[in-house]
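Read the structure below first, then the notes.
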Amino acid sequence: QVQLVESGGGLVQPGGSLRLSCAPSESIFIIATMGWYRQAPGNQRELVATITSGGSTSYADSVKGRFTVSRDNAKSTVYLQMISLKPDDTAVYYCNADLIRRSDYDVGMRNFYTYWGQGTQVTVSS
């Protein structure tokens, strides 16, 4: 089972910045879309941003102009740069990716599966 390992969360003051990173724990043959979601206490998980293998991006209206999603295909890593953070951005942030593992590809499997990270806490508070 592939693990997506997130890092970069923490406590930041309103108006501050954080950069989240997410990378798989094993060799990957190919990754299609990668994304970031978040879940605040008492709320459903919501989409924050996605990026395709070609670099096309989409964002939730609440983060447009403040968050930037990017990826390094050579490192199979997705990033989320967050600026002008607000208390409402406080949540557990999860990355996900649609991918084919190298070990699966080598035995002839060609289906993409969606994998999730364990989540990283982002707290925006003074």
Side-chain angles (χ1 to χ4, degrees):
Q1 183 78 1
V2 172
Q3 288 188 345
L4 297 179
V5 181
E6 298 129 336
S7 61
L11 173 64
V12 63
Q13 292 186 342
S17 302
L18 283 175
R19 187 191 194 211
L20 306 182
S21 301
C22 172
S25 60
E26 63 178 81
S27 179
I28 302 300
F29 174 71
I30 188 171
I31 303 178
T33 299
M34 306 181 82
W36 290 94
Y37 291 71
R38 66 186 182 186
Q39 187 168 19
N43 291 352
Q44 292 185 334
R45 190 173 297 188
E46 63 176 2
L47 174 67
V48 175
T50 62
I51 183 167
T52 68
S53 58
S56 296
T57 59
S58 64
Y59 297 91
D61 287 344
S62 60
V63 306
K64 284 181 180 177
R66 300 188 298 120
F67 291 10
T68 302
V69 61
S70 61
R71 62 191 282 172
D72 183 334
N73 289 329
K75 296 180 180 179
S76 299
T77 300
V78 63
Y79 305 96
L80 185 67
Q81 179 68 50
M82 305 183 291
I83 65 171
S84 301
L85 282 161
K86 307 174 182 179
D88 284 350
D89 295 318
T90 296
V92 177
Y93 284 70
Y94 299 89
C95 71
N96 83 341
D98 299 327
L99 57 85
I100 302 175
R101 302 187 307 172
R102 169 63 68 178
S103 57
D104 288 340
Y105 184 84
D106 288 346
V107 296
M109 296 176 64
R110 298 291 184 267
N111 293 332
F112 284 85
Y113 290 96
T114 299
Y115 295 90
W116 290 86
Q118 80 287 354
T120 186
Q121 178 70 45
V122 172
T123 302
V124 185
S125 175
S126 55

For residues 102-110, which side-chain donor-acceptor pairs fall under 3.5 Å, sequence neighbours excluded?
| from | atom 1 | to | atom 2 | distance (Å) |
| --- | --- | --- | --- | --- |
| Asp104 | OD1 | Arg101 | NH2 | 3.1 |
| Asp104 | OD2 | Arg101 | NE | 3.1 |
| Arg110 | NH1 | Tyr105 | O | 3.0 |

Subject >> Closest non-hydrogen atom pair between Ala32 and Arg71, with its separation >> reply: O-NH1, 2.7 Å
**OP:** Could you name each residue pair satisfying salt bridge (Lys or Arg N to Asp or Glu O under 4.0 Å) that touches residues 34-53, not counting sequence neighbours?
**Re:** Arg38-Glu46, Arg38-Asp89
Original post:
Looking only at heavy atoms, what is the nearest atom pair of Asn111 and Ile100, with distance?
Top reply: O-CG1, 3.5 Å
Original post:
Any side-chain heavy-atom pair from Trp36 and Glu6 closer than 4.5 angstrom?
Top reply: yes
Original post:
To the nearest 0.5 Å, how far apart are CG in Leu85 and CD1 in Ile83?
Top reply: 8.5 Å
**OP:** Would you kindly confirm whether Val92 and Val5 end up in one hydrophobic cluster when ILVMFWY residues are joined by side chain heavy atoms under 4.5 Å apart?
**Re:** no
Original post:
Between atom CG of Asn43 and atom CG of Asp88, what is the distance when rounded to the nearest 0.5 Å?
Top reply: 9.5 Å
Less than 3.5 Å apart, which donor and acceptor atoms pair up between the side chains of residues 7-23 and the rest of the protein, not counting sequence neighbours?
none

**OP:** Heavy atoms only: give me the nearest Ser53-Ile31 pair and the separation to one decimal.
**Re:** CB-O, 3.8 Å
Original post:
For the atom pair CG (Leu80) and CD1 (Ile51), what is the distance rounded to the nearest 0.5 Å?
Top reply: 10.5 Å
Subject >> Hphob cluster co-occupancy, Tyr59 + Met34, side-chain heavy atoms under 4.5 angstrom >> reply: yes
Original post:
Can you get from Tyr115 to Tyr94 by hopping between Ile, Leu, Val, Met, Phe, Trp and Tyr side chains that sit under 4.5 Å apart?
Top reply: no
**OP:** Using a 4.5 Å cut-off on heavy atoms from C-beta on, say whether the side chain of Val78 contacts that of Val69.
**Re:** yes
Original post:
Atom OG1 in Thr114, atom CG in Leu4: separation rounded to 0.5 Å?
Top reply: 10.0 Å
Subject >> Hphob cluster co-occupancy, Phe67 + Val124, side-chain heavy atoms under 4.5 angstrom >> reply: yes
Subject >> Gap between atom CG of Leu47 and atom OG of Ser62 - 0.5 Å precision >> reply: 9.5 Å
Original post:
Hey, are the side chains of Tyr79 and Thr68 touching, using non-hydrogen atoms and a 4.5 Å cut-off?
Top reply: no
